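Below you'll find the structure, written out as structure tokens, and then a few comments.
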2 protein chains.
Amino acid sequence: MSGFQRYKKILDLFSEERSSWTVLEISKSLKTPSSTIYRIIREMVTAEFLESASGSYFRLGPAFIKFNRIINFSDPLVRAGQPFLKKLANENPITSVNVLARLYGNNVMCVADYKSPYFKKNTSYQRGKLMPLIYGATSRAIIMQITGKRLEKLINLENFKSDKDKNNFIKDLKSDRKKGYCFTEGQVDKGLIGFAVSISNKKLGIEASLSSIFNLDDFLLEHEPVIYANLSTYGLLVEKYINEIFEDIQKYHHETNSTR
Amino acid sequence: MSGFQRYKKILDLFSEERSSWTVLEISKSLKTPSSTIYRIIREMVTAEFLESASGSYFRLGPAFIKFNRIINFSDPLVRAGQPFLKKLANENPITSVNVLARLYGNNVMCVADYKSPYFKKNTSYQRGKLMPLIYGATSRAIIMQITGKRLEKLINLENFKSDKDKNNFIKDLKSDRKKGYCFTEGQVDKGLIGFAVSISNKKLGIEASLSSIFNLDDFLLEHEPVIYANLSTYGLLVEKYINEIFEDIQKYHHETNSTR
DNA sequence: TTATAATTATCATTATTTAATAATTTTGTT
DNA sequence: AACAAAATTATTAAATAATGATAATTATAA
């Protein structure tokens, strides 16, 4: 264990299910002497990446809230897309969960979400949550814009039930890419269906998607054209705004670099 | 520069105003050779604390969104208080911003906020934002629960205009502590007034506050009793829930420690 | 294609981390 | 308040890792 990994391994212990740890528990879990853990933890507490709670437990520190906020206010995808999620929800014919998601390592991560006030069920799509790469329209609209060797690598990391399943997935991906949108049913949450379009910006390295998730019970065939129209309209709008933000950033950097 | 500081110093460069940096810019800013910065950045990109953007710029990575989410779902204060902010807003006689805040180093940080739909002005109270320790009801309801040497230390870190100001602040703090609530006018944002009560839990080391912020123009004297009644009701409720969460956590840790 | 910028690799030197143990502080309990 | 137990910090020599100058490679843009 060296470098940043030393710290990362400790942080990675903290989860929704288990959000506080003692030094002794960490020490056991990482098979590292407690004197070492004490020293490392002290550093991280000073930096506010951890904080001490009661009963000699430690938990994640406020630094994460602070940096998360900075991302929220500066990430081009969030900045451009967040304001449209509510509008999209309001214009959809039935109650929906609307999601912006992006590629995150070998997974897809939801970076912004808006649920209509009376949407009944809980969904897996909540900001910050990691989603499977190959299930659900949200993810598919992201992976369908990736090609060549990179796609191959990503797909090979996934566990398909059979080679047939894998080939079908690749085939579906191609046809979705042609159509320009995705639809899936119950792949992530039972009783829910998802529609999605791709969002991308090469210059900013953004590979993302905009999606609307509905209760299967609410859905009628006549809703479909409206849903697709909304998604494609707002998808283009988000891309346009991302581009504007990109130009703003460039301008800003040009200014700050020339004045110094 | 050593240990975690090495990484923290780089992260601290990223702000809402300046959210992307090149290696060369970082290198100059920290007066450290670029070969060193390249190596450190690579580690942090691997750990997803940074990510590369376009034009050889780097920005904060998705790890912050992930850990922020874990805090959101597990921090006792957020878990206990978040659901009540909307209710509090709905029961207030005029539109309001409602805030949960806690001590964060030498500052106060907002950890959850809910703004009524038609609240007009922008406020400084947004989740993740650092607030001054000595201005505003939100902060005062936190610092008024701190006593003795710790209070002395915190106050001595602040810049008061004069010794008289400092003494007045301490005097006001004492009287607020007796009353059990705080009121301030325009100390943080002009045209806004704030009311706040303390939230604390010794066992969990929580020193926090619940506050409602209003437009001065909307406010009538007859609103005051309702506002205080709401704050104190919900304040106690939040403390009760924090305590329940504490007991849940203890139970959980007891179980996991005994089964292993 | 070529020139330029960005990034990675190399490596001797220097500095830091490790972990066993001892010392100290804090906490909870009579 | 005094005690015992637990938690945390300090101290070390030995082991390991970080640094930064430079060279080599790779990406990018004209």
Side-chain angles (χ1 to χ4, degrees), chain A residues 1-11 13 20-47 49-59 61 147-150 201-206 246-247 249-250 253-254 257-258, chain B residues 1-11 20-47 49-59 61 147-150 153 201-206 246-247 249-250 253-254 257-258:
Chain A
M1 237 202 311
S2 77
F4 196 69
Q5 271 309 103
R6 184 171 44 223
Y7 306 100
K8 181 82 187 326
K9 274 207 174 172
I10 290 177
L11 291 174
L13 292 174
S20 44
W21 290 74
T22 65
V23 169
L24 246 56
E25 288 168 351
I26 296 172
S27 161
K28 265 187 196 172
S29 181
L30 300 183
K31 296 186 178 69
T32 306
S34 59
S35 63
T36 301
I37 300 296
Y38 269 114
R39 187 173 30 75
I40 296 177
I41 294 265
R42 206 177 338 159
E43 285 186 78
M44 294 174 86
V45 170
T46 305
F49 277 65
L50 288 178
E51 66 175 17
S52 66
S54 66
S56 69
Y57 278 92
F58 290 86
R59 62 183 172 220
T147 52
K149 274 188 189 169
R150 224 171 121 232
N201 186 303
K202 273 213 168 176
K203 289 172 282 181
L204 281 168
I206 289 173
F246 172 71
E247 278 161 15
I249 293 173
Q250 278 213 318
H253 281 298
H254 188 72
N257 283 336
S258 55
Chain B
M1 239 202 311
S2 77
F4 196 69
Q5 270 309 102
R6 186 167 44 226
Y7 306 99
K8 180 81 186 328
K9 274 207 174 174
I10 291 177
L11 291 174
S20 45
W21 290 74
T22 66
V23 168
L24 246 55
E25 288 168 352
I26 295 171
S27 161
K28 265 187 196 172
S29 181
L30 300 183
K31 296 186 178 70
T32 305
S34 59
S35 62
T36 301
I37 300 295
Y38 269 114
R39 186 170 29 75
I40 296 177
I41 294 266
R42 205 178 334 156
E43 285 186 77
M44 295 174 85
V45 169
T46 305
F49 277 65
L50 289 178
E51 64 175 18
S52 66
S54 67
S56 71
Y57 279 92
F58 291 86
R59 62 182 171 220
T147 53
K149 275 188 186 168
R150 225 170 121 232
K153 259 190 199 167
N201 185 302
K202 274 213 166 176
K203 289 172 282 182
L204 281 167
I206 289 173
F246 171 72
E247 278 160 15
I249 293 173
Q250 278 214 318
H253 281 296
H254 188 72
N257 283 337
S258 55

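Both backbone and side-chain heavy atoms feed into the values below; hydrogens, waters and symmetry mates do not. All figures in this text were calculated on a predicted structure; none of them were measured in a lab. First the proteins, then the strands, lettered A, B, ... as listed; each starts at 1.
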Query raised in the report: Given side chains that start at C-beta, do those of A:Leu13 and A:Glu25 come closer than 4.5 Å, heavy atoms only?
Result: no
Query raised in the report: Is any side-chain heavy atom of B:Arg6 closer than 4.5 Å to a side-chain heavy atom of B:Thr36?
Result: no
Query raised in the report: Heavy atoms under 4.0 Å, any strand shown: does A:Arg39 hit a base, just sugar-phosphate, or nothing?
Result: base
Report task. Measure from the side-chain heavy atoms of A:Tyr38 and tell me the nearest of C:dT17, D:dT9, C:dT18. Result -> D:dT9
Query - Note, B:Leu24 side chain near B:Ser34 side chain (heavy atom, < 4.5 Å) - result: yes
Query - Interatomic distance where CE belongs to B:Met44 and P belongs to D:dA18 [whole Å] - result: 14 Å
Requested in this report: Would you mind reading off the distance between B:Trp21 atom CH2 and C:dT7 atom P, rounded to a whole angstrom?
Outcome: 16 Å
Requested in this report: Could you tell me whether B:Thr32 contacts a base, only the sugar-phosphate backbone, or nothing, with contacts defined as non-hydrogen atoms closer than 4.0 Å?
Outcome: sugar-phosphate
**Report entry** Nearest-0.5 Å distance that lies between atom CZ in A:Phe4 and atom CG in B:Leu50
**Finding:** 8.0 Å
Query raised in the report: Just by modelled atom types, is the B:Thr32 backbone N or O under 3.5 Å from a matching donor or acceptor in the B:Ser27 side chain?
Result: yes
Query raised in the report: What integer distance in Å separates B:Gln5:CD from D:dA17:P?
Result: 21 Å
Query raised in the report: Does A:Thr36 put a side-chain nitrogen or oxygen below 4.0 Å from OP1 or OP2 of C:dA19?
Result: yes
**Report entry** Length of the CG-P vector between A:Leu30 and C:dT18, whole Å
**Finding:** 12 Å
Query raised in the report: Side-chain N or O of A:Arg6 less than 4.0 angstrom from OP1 or OP2 on C:dT18?
Result: yes
Report task. Please work out if A:Ser34 contacts a base, only the sugar-phosphate, or nothing of the nucleic acid, heavy-atom cut-off 4.0 Å. Result -> nothing
Report summary line: Here the distance between atom C1' of C:dA5 and atom OH of B:Tyr57, to the nearest Å, is 13 Å
Got a list of protein N/O to nucleotides 10-12 of chain D N/O distances below 3.5 Å?
residue	atom	partner	partner atom	Å
D:dA10	OP2	A:Arg42	NH1	3.3

Report summary line: Output for pair (A:Ile37 CD1, A:Phe58 CZ), nearest 0.5 Å, gives 11.0 Å
**Report entry** B:Ser2 side chain, from C-beta outward: closest of C:dA6, D:dT8, C:dT16
**Finding:** C:dT16
Report task. For A:Phe58 and D:dT8, give me the distance from atom CZ to atom C1', rounded to whole Å. Result -> 9 Å
Query raised in the report: With a 4.5 Å limit on heavy-atom distance, are the side chains of B:Thr46 and A:Lys8 in contact?
Result: no
**Report entry** Distance, rounded to the nearest Å, where A:Glu25 contributes CD and D:dA6 contributes P
**Finding:** 15 Å
Query - Rounded interatomic separation in angstrom, taking CZ from B:Phe4 and P from D:dA17 - result: 19 Å
